[in-house]
Amino acid sequence: MSEKVIFAGFANNDLVEFKYNIDPWDSTLSSIELVAHDRKGMFKSFKFEGVSNLEIEEGFNGYLGGTAIVDISERQWAHAQIEVHNYESDSGISFLAMSVSVAEISEAYT
């Protein structure tokens with residue numbers, strides 16, 4: 001089984017915004033929005049819906065260099081179609097989600 005990488009272009013990207021909206025009774029209503037800033041001055045927003053299993057490793061400083069967004073739909077899990085994980089040895093974040101959308105944001109993001 002070969003899982004499709006949706007996005008792994010986080011080299012030289014820093015996390016500048018992290019919003020976690022939790023529904024403690026129904027994880028399908030929980031969401032995460034990440035805004036990443038690359039060293040060229042561009043911003044990208046990643047919106048994840050149906051979030052579960054969030055883990056932020058001790059020492060995570062916002063650098064996303066080893067982060068990947070992977071399509072895990074072939075696993076046929078009822079609660080997750082997307083996996084976000086860190087494949088490098090540095091501290092990172094990981095979680096599962098049902099969907100993801102990606103948007104470019106202007107250079108004037110605040």
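Residues V5 and F10 do not share a hydrophobic cluster, clusters being chains of Ile/Leu/Val/Met/Phe/Trp/Tyr side chains in contact below 4.5 Å. Under the 4.5 Å side-chain heavy-atom criterion for grouping Ile, Leu, Val, Met, Phe, Trp and Tyr, L29 is not connected to V100 through any hydrophobic cluster. L34 is connected to Y20 through a chain of hydrophobic side-chain contacts under 4.5 Å among Ile, Leu, Val, Met, Phe, Trp and Tyr, so both are in one cluster. Under a hydrophobic-cluster definition in which Ile, Leu, Val, Met, Phe, Trp and Tyr are linked whenever side-chain heavy atoms come within less than 4.5 Å, directly or via other members, V102 and I105 are assigned to different clusters.
Between the side chain of T28 and the backbone N or O of G50 there is no donor-acceptor pair closer than 3.5 Å. Side chain of Q76 to backbone of I72: no donor-acceptor contact under 3.5 angstrom is found. At least one donor-acceptor pair under 3.5 Å links the side chain of N13 to the backbone N or O of A11.
Heavy atoms only, all atoms of each residue included: D14 and Y63 are closest at OD1-CD1, 3.7 Å. A pairwise comparison of heavy atoms in G65 and Y87 identifies O-OH, 3.9 Å as the closest pair. Scanning all heavy atoms of the two residues, the minimum distance from M98 to Q81 falls at O-CB, 3.3 Å. Nearest heavy atoms, F43 versus V35: CD2-CG1, 4.1 Å. Here the closest heavy-atom approach between residue H79 and residue S52 is recorded as CD2-OG, 3.9 Å. Across all their heavy atoms, F60 and G92 have their closest contact at CD1-CA, 3.4 Å.
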Exercise for the section: Please test I82 against I69 for side-chain contact (heavy atoms from CB on, under 4.5 Å), starting from the C-alpha separation and ending with a verdict. Expected result: CA-CA 7 Å; I82 306 293; I69 302 170; 3.6 Å; yes

Practice task
Take L96 and W77 through the test side-chain contact (heavy atoms from CB on, under 4.5 Å) and record every step on the way to the result.
Solution key: CA-CA 11 Å; L96 300 172; W77 291 354; 4.0 Å; yes

Handout entry: Audit row: V70, I6, side-chain contact (heavy atoms from CB on, under 4.5 Å) steps and yes/no
Key = CA-CA 5 Å; V70 180; I6 296 170; over 6 Å; no

Handout entry: side chain to side chain donor-acceptor pair (under 3.5 Å) between S31 and N21, intermediate numbers included
Key = CA-CA 5 Å; S31 64; N21 299 305; 3.3 Å; yes

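Under a 4.0 Å N-O distance rule, the pair R75/E83 qualifies as a salt bridge. D38 and K44 are not joined by a salt bridge, as no carboxylate oxygen comes within less than 4.0 angstrom of a charged side-chain nitrogen.
In this structure, F46 has its ring center closer than 6.0 angstrom to the ring center of F7.
Separating the CD1 atom in I93 from the NE2 atom in H85 is a distance of 12.0 Å, to the nearest 0.5 Å. Within the model, atoms CG of L15 and CG of N61 stand 10.0 Å from one another, a figure rounded to the nearest 0.5 Å. Atom-to-atom distance recorded for I56:CD1 and N86:CG is 12.5 Å, nearest 0.5 angstrom. Between atom CG of residue L54 and atom OG of residue S27 there is a gap of 12.0 Å, rounded to the nearest 0.5 Å. Here the straight-line distance linking atom NZ of K47 with atom CD of E49 works out to 5.0 Å at 0.5 Å rounding. The structure places NE2 of H37 at 9.0 Å from CE of M42, a figure rounded to the nearest 0.5 Å.
When only modelled atom types and interatomic distance are considered, S45 and E33 share a side-chain donor-acceptor pair under 3.5 Å.
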